[in-house]
Amino acid sequence: MDDTNSLIEQRRTKLAALLEGGINPFMNKFTPDIGCGESRAKFEAKTLSDGSPVKIAGRITAHRDMGKSQFIDLRDVSGRVQVYAQKQALGDAAFDQFKHLDLGDFIGVEGTLFLTRTGEPSVKAERFTILSKALRPPPATWHGLEDTEIRYRQRYLDLIANDDVRKVFLMRSAIVREIRSFFHGRGYVEVETPMMQAIPGGAAAAPFKTWHNALGCEFFMRIALELYLKRLLVGGIDKVFEIGRNFRNEGLSRRHNPEFTMLEAYEAYGDYETMMETVESVIRHVAQTVLGTLVIEHRNAQGEIYKTIDLSQWRRVRYKDLVREKAGDDWFRITPEERRRRASEELKLGGDIAAGYEDFEVTGAVFEKLVEPTLIQPTFVTHLPRQLVPLAKLSPDDPTTVEVFECCINGQEISPGYTEQNDPVEQRNSLEHQAGGEQQKLDEDFLVALEHGMPPAGGIGIGIDRLCMMLLGQESIRDVILFPQLKPRG
RNA sequence: GCCUCGGUAGCUCAAUGGCAGAGCAGCUGACUCUUAAUCAGUUGGUUCUAGGUUCAAGUCCUAGCCGGGGCACCA
């Protein structure tokens, strides 16, 4: 980021020369009539023909100097096209200027389409305009940009240098668009609820604090959307969803960013089974429309497939059954002491079983450490212990569990869902129990809302970032978030 | 917060404790159909920072900064 290297000096000198020659290399406006990649595609598809006039604009990404003729690659979001400049056609002065363009500069070109001898669709330049002079060199395009720190801090350079990175983010945008389209198609109403909340609720997570000057009070960045969307169920919006940012003041990892995008959707008169169907359908819809397939292949740097996820088969299985598979058939028949011992010794979870863990947390550790990472194929884990989910309703057939699912794909929880608690008395009890006597954590207004009556409903959350990781074959959440959180520099 | 690996030219990377290098890009020149253009020449360094050991440190030691991976935290 220093300003003192010779490449930058050279570009500043070129800028000064242009200005001295009466040329402003930062134009206010230039209107192309076709995209770079678009012109190329239409020429290849014969929608445009040899000699068709085009007006294009883009960034110079390659320069091949042949003496009295020059080739550059011009790129915009639609793709790349080659521009051919001849000394004869442009004249001495313009040709000399063309010759001294730099990689990274934006130019506008007017010319005609033609096919080179080697068969490359190209634009023969008749006129060109410098639209924006780049004062810093772009990253080399051959190796791409690999320095992770620069890739994340200066994502624009990553997008310029790495085609596959650009594709990932364009697809993420398409994924979110298709999710919206799916829910709108089912008659859901999309809403926006407060991100700054006096009492952050709907999850057990450490919040970020902020301060409102005029009101003179503390606020918290939201950790979930849940409690406000349920107020809207009370208010009569029977199908409601929101896609928005959550903020959790926790550690960072390959799977955690302090701010992450969550979809939550609630449907009156639905239950957890309704919502399982919804999750499966929306993910199938997104995979089919954005990727054109239900079979997701994850590839390594060498292009070899190391993981395949099949979104055409969705397994439903109870939490206790999965735990028994890993921890033994008799797991729930032995004593809590034996469970603790078996988990830490035979199952080698010693370091993961804290001394203060209650019995259900010991089982929870078995699930989290031994079961969840193995759930690569789409799996609805149902009937979780009631202590894990205070906002869901008990299962009539097993009151130690709740009507809940966790949809796991790619070894991660991608979507929880449940039959929502709408009994205000039960809800108060479980929230008070969860708050553990800290009264300020109780969202009284939410409880009052429930007392006005909330219809029976099913609800889900879908972690959009993790869904994108799964669909786009990325192993780090930082590779599906444009500007992942990093420690400030300097 | 802890463990671990890494940080060298614009980019990708070399360099037994002994003159800091290569390819690409850049600059100059040649070439009117190239596409990782080619050819000739050439510039470019706070080796992350600050200390220390040593005749001599990119290299060894200490502390710190930033990043990756792991752990902890995390419904």
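Not measured: the values here are computed from a predicted model. The chains referred to below are lettered A, B, ... by the order of the sequence lines, with proteins before strands, and numbering in each begins at 1.
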Value in whole Å for how far the C1' atom of B:G68 lies from CD1 of A:Ile477: 16 Å
Same-atom distance (P) from B:U43 to B:C27, integer angstrom: 15 Å
query: Just by distance, do the side chain of A:Arg75 and the backbone of A:Cys36 share a donor-acceptor pair under 3.5 Å?
result: no
message: For B:U34 and A:Arg64 - does any side-chain N or O of the residue sit under 4.0 Å from the phosphate oxygens OP1/OP2?
response: no
message: Could you tell me the Watson-Crick or G-U partner of B:C74, where both distances fall under 3.5 Å? Say none if there is no partner.
response: none
query: Do side-chain atoms of A:Glu242 reach the backbone of A:Thr193 as a donor and acceptor pair under 3.5 angstrom?
result: yes
field: Pairwise P distance for B:G45 and B:U4, with rounding to whole Å
entry: 36 Å
- prompt: Taking atom P of B:A37 as reference, at what distance in whole Å does atom CD1 of A:Ile72 sit?
  reply: 13 Å
field: C1'-based separation of B:U59 from B:U54 [nearest Å]
entry: 13 Å
- request: Counting Watson-Crick and G-U wobble pairs only, both distances under 3.5 Å, name the nucleotide matched with B:A40, or none.
  value: B:U28
- line: Taken in chain and number order and not counting sequence neighbours, the residues that satisfy side chain to side chain contact (heavy atoms under 4.5 Å, CB included) with A:Gln88 are A:Gln86
- prompt: Looking only at atom types and distance, does a side-chain atom of A:Asn162 sit under 3.5 Å from a main-chain N or O of A:Val165, one as donor and one as acceptor?
  reply: no
query: Among the nucleotides B:U35, B:C33, B:G67, which one has an atom lying closest to any side-chain atom of A:Thr118?
result: B:U35
- prompt: When you check every protein heavy atom under 4.0 Å of nucleotides 69-75 of chain B, what one-letter string (B, S, -) results, 5' to 3'?
  reply: SS-BBBB
message: As a test of reading the structure: which of B:C33, B:U35, B:U12 is closest to the side chain of A:Glu146, going by heavy atoms?
response: B:U12
message: Rounding to an integer number of angstrom, what distance separates B:G23 and B:G44 when you compare their C1' atoms?
response: 15 Å
message: Around atom CZ of A:Arg340, are there more than 12 heavy atoms from other residues, nucleotides or ligands closer than 6.0 Å?
response: yes
query: Is any side-chain nitrogen or oxygen of A:Arg153 closer than 4.0 Å to OP1 or OP2 of B:G67?
result: yes
statement: Expected string for nucleotides 21-31 of chain B under the B/S/- scheme (protein heavy atoms, under 4.0 Å, primed atoms plus P, OP1, OP2 as sugar-phosphate) is ----SSS---B
- prompt: Is A:Arg324 paired with A:Asp321 through a side-chain N to carboxylate O contact shorter than 4.0 Å?
  reply: yes
task: Could you state the atom-to-atom distance from CD of A:Glu149 to P of B:G68 in whole Å?
output: 7 Å
task: Please determine if a side-chain N or O atom of A:Lys487 lies less than 4.0 Å away from the OP1 or OP2 oxygen of B:C66.
output: yes
field: Residue pairs passing the ring-ring contact (aromatic ring centres under 6.0 Å, His included) test where at least one lies in residues 85-124 of chain A, sequence neighbours excluded
entry: A:Tyr84-A:Phe114, A:Phe98-A:Phe128
message: A side-chain contact here means heavy atoms from C-beta on lying under 4.5 Å apart; do A:Asn246 and A:Leu225 qualify?
response: yes
- prompt: Going by an N to O cut-off under 4.0 Å, is there a salt bridge joining A:Asp445 and A:Arg231?
  reply: yes
query: Can you check the A:Ile8 CD1 to B:A9 P distance for me, whole Å?
result: 14 Å
query: Under the side chain to side chain donor-acceptor pair (under 3.5 Å) test, which residues partner A:Ser253, sequence neighbours left out?
result: A:His256
Pair partner, B:G51 [Watson-Crick or wobble, under 3.5 Å]: B:C61
message: Side chain of A:Phe71 only, heavy atoms from C-beta on: which candidate in B:G68, B:U32, B:U34 is closest?
response: B:U34
field: Pairwise C1' distance, B:U47 and B:C19 [rounded to whole Å]
entry: 15 Å
- prompt: Using atom C1' of each nucleotide, how far apart are B:C61 and B:C73 to the nearest Å?
  reply: 34 Å
message: Is it the case that the side chains of A:Asn410 and A:Lys307 hold a donor-acceptor pair, with the cut-off being a distance below 3.5 Å and no angle test?
response: yes
A:Phe98 CZ to B:U34 P, straight-line distance once rounded to whole Å: 16 Å
- prompt: Rounded to the nearest Å, what distance is computed from the CG atom of residue A:Leu90 to the P atom of nucleotide B:U32?
  reply: 15 Å
query: When you compare B:C65 with B:C48, how far apart are their C1' atoms, in angstrom units rounded to a whole number?
result: 7 Å
message: Under the rule for side chain to side chain contact (heavy atoms under 4.5 Å, CB included), what residues qualify as partners of A:Pro139, not counting sequence neighbours?
response: A:Leu145, A:Leu157, A:Ala161
- request: Would you mind classifying the nucleic acid contact of A:Gly144 as base, sugar-phosphate or nothing, using non-hydrogen atoms under 4.0 angstrom?
  value: sugar-phosphate
Rounded P spacing from B:U49 to B:G58 in Å: 11 Å
task: Round to the nearest Å and state the distance from A:Ile60 atom CD1 to B:A36 atom C1'.
output: 18 Å
message: Looking at B:A14, which nucleotide sits across from it as a Watson-Crick or G-U wobble partner, both distances under 3.5 angstrom, or is there none?
response: none
A:Ile150 vs A:Lys87, nearer the 5' end of RNA chain B by closest nucleotide: A:Ile150
task: Check the distance between B:U32's P and A:Phe95's CZ and give it to me in whole angstrom.
output: 9 Å
message: Within the 4.0 Å heavy-atom criterion, would you say A:Phe360 contacts the bases, only the backbone, or no part of the nucleic acid?
response: nothing
Under 3.5 Å on both distances, the Watson-Crick or G-U partner of B:G6: B:C66
